[in-house]
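Below, chains carry the letters A, B, ... as their sequence lines are ordered, and counting in each starts from 1. Not measured: the values here are computed from a predicted model.
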2 protein chains.
Amino acid sequence: MLKIGELASKTGLTAHTIRYYEKNGLINASQRSEVGYRCYNESDVRQAEFVRTARRIGFSIADVAALLSIRVDKTNHTCQDVTEITQRKLKDVSEKITELRSMQKTLQILLNSCSGGPENAYHCSIMEALDASNSQAVRGRA
Amino acid sequence: MLKIGELASKTGLTAHTIRYYEKNGLINASQRSEVGYRCYNESDVRQAEFVRTARRIGFSIADVAALLSIRVDKTNHTCQDVTEITQRKLKDVSEKITELRSMQKTLQILLNSCSGGPENAYHCSIMEALDASNSQAVRGRA
DNA sequence: GTTGACCTTAGAGTTTACTCTAAGCTTATA
DNA sequence: TATAAGCTTAGAGTAAACTCTAAGGTCAAC
Ligand SMILES: [Zn+2]
Ligand SMILES: [Zn+2]
Ligand SMILES: [Zn+2]
Ligand SMILES: [Zn+2]
């Protein structure tokens, strides 16, 4: 039976975070000690590790809660239930990457256009591009 | 002279957002009408468009504030000042992309391992991977 | 002359995921 | 037997960027 600090060092979460996850239904201490300390058994620890793994992958707390509800009742859930959550997350991540790549490209174009030197910014092409609301560079892929 | 709603439709920002930006020093109305309405002149509009463009590229509000302070005093700032902000942002964006690509890869591996079919999740390989805290798939690029 | 769209302010609420604080027990160590 | 480290709770604070509300004044149109 681990105390919260022990679970924390075992999982790499902080005790604060574990209590926060508990409030959100992700981690649970099956027992309390006589004085009220949280006590985690092996099954609790495995669940905490599941949570940490899922969070590391990028699942939100709500996603993890959904995955846990499948986990505790696998026979009444399908592989489809699991992949739906995973697909949705993959879609989010992919969309975010697309957005960021567009930003990345624009920023790179801006940087390529400017010397970055010590001359004053009066004719800086980055500033000019930001000022031109109809600039090619800042409207994404042309 | 535009009123806030006119500036909003011209820029694609909402009136709420424009007031919020004003509070943060990004957009300013040079005048008020007799009854206190914000009035934006051409220069104000150009600044608002600069802000909108910079925000669209992904610069934070603090970044935009820094860019604006260069913009209003170009002769006392250098191209280096401008590129520093841009480089920092590019670095942030690139790091975020790296993170997300790692998530994307993991999620794809998970999805490839599961049929996604209507069978129950008892032997679901996604659930198994999440449960195995030492799983290959969930520890990023091996 | 009243409806409806638009404007004003200060300030609260939203989202996500923590992160920290205060006040007070408990437990291990020197 | 004192410290120090660790545990408890409720609740507040943080970050970013909005988003909305309430209560009220203004303006154009029918
Ligand atoms: Zn120059
Ligand atoms: Zn330059
Ligand atoms: Zn199966
Ligand atoms: Zn499956």
Side-chain angles (χ1 to χ4, degrees), chain A residues 1-40 44 48 51-68 85 88-89 92-93 95-96 99-100 103, chain B residues 1-40 44 48 51-68 85 88-89 92-93 95-96 99-100 103:
Chain A
M1 294 293 242
L2 304 184
K3 283 187 289 182
I4 196 167
E6 295 163 332
L7 182 62
S9 44
K10 184 147 192 168
T11 57
L13 303 168
T14 70
H16 276 304
T17 301
I18 291 170
R19 287 192 205 96
Y20 171 74
Y21 283 178
E22 179 182 294
K23 215 176 0 182
N24 285 269
L26 302 192
I27 287 181
N28 147 273
S30 303
Q31 285 181 47
R32 291 293 180 119
S33 76
E34 284 147 23
V35 297
Y37 287 12
R38 289 167 178 81
C39 294
Y40 300 92
D44 296 333
V51 169
R52 177 217 52 186
T53 300
R55 288 285 301 125
R56 261 187 205 161
I57 290 173
F59 287 110
S60 69
I61 284 175
D63 288 335
V64 178
L67 290 168
L68 282 172
I85 296 169
R88 190 165 22 74
K89 187 71 204 171
D92 289 352
V93 166
E95 282 169 4
K96 191 72 191 159
E99 253 178 64
L100 287 171
M103 287 183 203
Chain B
M1 294 295 239
L2 305 185
K3 282 186 291 181
I4 196 167
E6 293 163 333
L7 181 64
S9 44
K10 183 147 193 169
T11 56
L13 304 167
T14 70
H16 277 303
T17 300
I18 291 169
R19 288 192 204 95
Y20 172 73
Y21 283 177
E22 179 182 293
K23 214 173 4 178
N24 286 268
L26 303 191
I27 288 181
N28 147 274
S30 303
Q31 284 181 49
R32 292 291 180 120
S33 77
E34 285 147 23
V35 297
Y37 288 12
R38 288 166 179 81
C39 294
Y40 300 92
D44 297 332
V51 169
R52 179 217 49 187
T53 300
R55 288 286 300 126
R56 261 188 205 160
I57 291 174
F59 287 110
S60 68
I61 284 176
D63 289 334
V64 177
L67 290 168
L68 282 172
I85 296 170
R88 190 164 24 72
K89 187 71 206 172
D92 289 353
V93 166
E95 283 169 4
K96 192 72 192 157
E99 252 179 64
L100 287 172
M103 286 184 205

Rounding to a whole Å, what distance do you find between [X]:[atom1] and [N]:[atom2]?
| X | N | atom1 | atom2 | answer |
| --- | --- | --- | --- | --- |
| A:Arg56 | C:dC18 | CZ | P | 12 Å |
| A:Glu6 | D:dG6 | CD | P | 10 Å |
| B:Asp63 | D:dA15 | CG | P | 16 Å |
| A:Glu22 | D:dA10 | CD | P | 10 Å |
| B:Ile18 | C:dT9 | CD1 | P | 13 Å |
| B:Leu7 | C:dC7 | CG | P | 10 Å |
| B:Leu26 | D:dC18 | CG | P | 9 Å |
| B:Lys96 | D:dA15 | NZ | P | 18 Å |

Main-chain N/O of [Y] paired to [X] side chain as donor or acceptor, under 3.5 Å:
| X | Y | answer |
| --- | --- | --- |
| A:Glu6 | A:Lys3 | yes |
| A:Asp63 | A:Ser60 | yes |
| A:Asp44 | A:Ala29 | no |

Value for CG (B:Leu13) from OH (B:Tyr21), rounded to nearest 0.5 Å, stands at 6.0 Å
message = What contact category does B:Ser60 fall into here, base, sugar-phosphate, or nothing, at under 4.0 angstrom with non-hydrogen atoms?
response = sugar-phosphate
Ranking A:Gly58 and B:Tyr40 by the position along DNA chain C of their nearest nucleotide, the one closer to 5' is B:Tyr40
Note: for A:Lys23 and B:Val35 on DNA chain C, the residue whose nearest nucleotide lies more 5' is B:Val35
For C:dC6, take OP1 and OP2 only and decide whether either is under 4.0 Å from a side-chain N or O of B:Arg19. no
Exercise for the section: Using a cut-off of strictly less than 4.0 Å, decide whether A:Arg38 has a side-chain nitrogen or oxygen near OP1 or OP2 of D:dT8. Expected result: yes
Checking contacts here: which listed nucleotide ([options]) is nearest the side-chain heavy atoms of [X]?
| X | options | result |
| --- | --- | --- |
| B:Ile4 | C:dA17, C:dC7, D:dC20 | C:dC7 |
| A:Tyr37 | C:dT27, C:dC7, C:dT21 | C:dT27 |
| B:Arg55 | C:dC18, D:dA17, C:dC7 | D:dA17 |
| A:Tyr20 | D:dC20, D:dC18, C:dC18 | C:dC18 |

On DNA chain D, more 5' by nearest nucleotide between B:Ser33 and A:Arg32 is A:Arg32
Of all heavy-atom pairs linking B:Arg38 and B:Tyr40, the shortest is CD-OH, 3.1 Å
